[in-house]
Amino acid sequence: MTDTLDVAAVLRDLPDWREAEGDRPAIARSLTFPDFNAAFGFMTRVALHADKVDHHPEWSNVYNRVEVLLTTHDAGGVTQRDLDMARFIDAAADGAK
Ligand SMILES: C[C@H](O)[C@H](O)[C@H]1CNC2=NC(N)=NC(=O)C2=N1
């Protein structure tokens, strides 16, 4: 079983992220891109990486906005895999607010 991390400690390293509402520990980030094309290009980059590392975000997209939530279902909380994915997302989100 993968060890879960303290969400407050994780968020100290992720200034653009927040604790997500819900029934299990999770972190979330809202991203706004210049347009839909940029938003979907971001999602494409993240999707390919997520499948490569077998760790997938829970997310939604409305035009130029993307809402991302990360938690590790198998562990029932936030793990190193979520921290690693958040850092990938932050790098891939270049240009987003
Ligand atoms: C069977 C498959 O490897 C697992 O379900 C993977 C897939 N992607 C995953 N993504 C996330 N966010 N949490 C998981 O526990 C997880 N497990």
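Remember, predicted model here, so these are calculated numbers, not experimental data. The figures that follow rest on heavy atoms only: side chains count, while hydrogens, waters and symmetry mates do not. Order of appearance sets the numbers: ligands from 1, and atoms from 1 within every ligand.
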Asks: Can you tell me how far apart CZ (Arg87) and CE (Met85) are? Round to the nearest 0.5 Å.
Replies: 13.0 Å
Asks: Is the backbone of Thr79 close enough, under 3.5 Å, to the side chain of Thr4 for a donor and an acceptor to pair up by distance?
Replies: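 Checked: no pair found.
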Asks: Within a distance of under 4.0 Å, is there any protein heavy atom near atom 14 (C) of ligand 1?
Replies: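 Yes; the ligand atom in question has protein heavy-atom contact below 4.0 Å.
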Asks: Closer than 4.0 angstrom: is that true for some heavy atom of Thr71 and an atom of ligand 1?
Replies: yes
Asks: To which protein heavy atom is atom 17 (N) of ligand 1 closest, and what is the distance rounded to 0.1 Å?
Replies: Asp74 OD2, 3.4 Å
Asks: Who passes salt bridge (charged side-chain N to carboxylate O under 4.0 Å, His left out) against Asp90, sequence neighbours left out?
Replies: Arg29
Asks: Just by modelled atom types, is the Val66 backbone N or O under 3.5 Å from a matching donor or acceptor in the Asn61 side chain?
Replies: no
Asks: Among protein heavy atoms, which lies nearest atom 10 (N) of ligand 1, and at what distance?
Replies: His56 N, 3.0 Å
Asks: In this structure, which one of Asp82, Val7, Leu70, Val10 forms a side chain to side chain contact (heavy atoms under 4.5 Å, CB included) with Trp17?
Replies: Leu70
Asks: Polar-atom distance check: His73 versus ligand 1, any N or O pair below 3.5 Å?
Replies: yes
Asks: Suppose we measure from atom 1 (C) of ligand 1 to each protein heavy atom; which comes out shortest, and what is that distance?
Replies: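 The closest one turns out to be Asp54 OD2, 4.7 Å.
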Asks: Using a 3.5 Å cut-off on N or O atoms only, is Thr72 in polar contact with ligand 1?
Replies: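 No - when backbone and side-chain N and O of Thr72 are compared with those of ligand 1, no distance drops under 3.5 Å.
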Asks: Check this for me: Phe40, atom CZ, are more than 12 non-hydrogen atoms of other residues, nucleotides or ligands nearer than 6.0 Å?
Replies: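 No, the 6.0 Å shell around CZ holds no more than 12 heavy atoms from other groups.
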